[in-house]
Structures are given as structure tokens and as C-alpha cells.
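To start, the structure itself, in C-alpha cells.
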Amino acid sequence: MKEQLEAMLASMTPEVYERLATAVEIGKWPDGVALTQEQRDNCLQLVMLWQAKHNDEPQHMTIGKGGEMVMKSKKELKEAFGIDPDVTRIHLH
């Protein structure tokens with residue numbers, strides 16, 4: 001089983017990874033068909049395993065290369081997006 005999983009991950013292209021990640025995120029395949037819970041669970045596992053092997057620049061709450069979960073702070077995210085971390089925004093409604 002482990003060998004099959006390794007072979008599957010080795011054959012996954014970044015495009016396949018993106019499709020699986022999007023499917024997990026929105027709960028639908030690219031053709032609009034909803035994922036079953038089993039499909040969503042399996043896709044999520046594949047996405048996390050792929051990230052653990054290939055994610056050199058983990059985003060907020062992803063799995064970094066090596067299998068480490070990465071959670072970036074708001075300050076780190078602001079810096080990554082070029083937003084001054086010391087600026088506080090007030091929204092008036």
C-alpha cells in the first residue's frame with residue numbers, strides 16, 4: 001500500500017495537485033459535480049501528502065515540505081503580501 005501511495009504521489013503533476021486542492025476547497029470537481037465525503041477525504045489526504053513533499057513556500061495553514069504544518073501569523077501574511085504590518089485598518093460601515 002505504501003509503495004502504491006508513493007508511486008501515485010511521484011506521478012502527480014502540479015496541475016493535478018491544483019485540481020485536487022481546488023476540489024477540496026470548493027467541494028466540486030472542475031465539471032461542477034460535487035465530491036462525495038469519501039472523495040473529499042481522499043483528495044485532502046493526497047493534497048497534504050503532496051504538500052509535505054513539494055511545498056517549499058508554505059502559505060498560511062498548509063503542510064510544508066517535510067510534513068510540518070505551517071501556520072503564519074497575520075504579521076507574516078501581511079509582510080508576504082507587501083502590506084505594512086504596522087498599519088491598522090478601520091472599516092466604517
Review point. In terms of heavy-atom contacts, does CZ of Arg19 have more than 12 from other residues, nucleotides or ligands at under 6.0 Å?
Key: no
Check your understanding: Going from CZ on Arg40 to CD1 on Ile26, what distance comes out if it is rounded to the nearest 0.5 angstrom?
Key -> 9.0 Å
Check your understanding: Roughly how far apart are Thr22 OG1 and Tyr17 OH, rounded to 0.5 Å?
Key -> 9.0 Å
Check your understanding: Counting distance only, does the side-chain N/O of Gln39 pair as donor-acceptor with the main-chain N or O of Thr36 below 3.5 Å?
Key -> yes
Review point. Looking at Trp29 and Leu35, what are the two nearest heavy atoms and their distance?
Key: N-CD1, 3.5 Å
Check your understanding: Which residue pairs pass the salt bridge (Lys or Arg N to Asp or Glu O under 4.0 Å) test when at least one of the two sits in residues 43-52, sequence neighbours left out?
Key -> none
Show every donor-acceptor pair shorter than 3.5 Å between a side-chain atom in residues 5-16 and any protein atom, with sequence neighbours excluded, or say none if there are none.
| unit_1 | atom_1 | unit_2 | atom_2 | d |
| --- | --- | --- | --- | --- |
| Glu6 | OE1 | Lys53 | NZ | 3.4 |
| Ser11 | OG | Ala7 | O | 3.3 |
| Ser11 | OG | Met8 | O | 2.9 |
| Thr13 | OG1 | Glu15 | N | 3.4 |
| Thr13 | OG1 | Glu15 | OE1 | 3.3 |
| Thr13 | OG1 | Val16 | N | 3.1 |

Exercise for review: Might you work through the side chain to side chain donor-acceptor pair (under 3.5 Å) test for Gln37 and Asp41, ending with a clear yes or no?
Suggested key: CA-CA 6 Å; Gln37 187 61 50; Asp41 293 345; 2.8 Å; yes
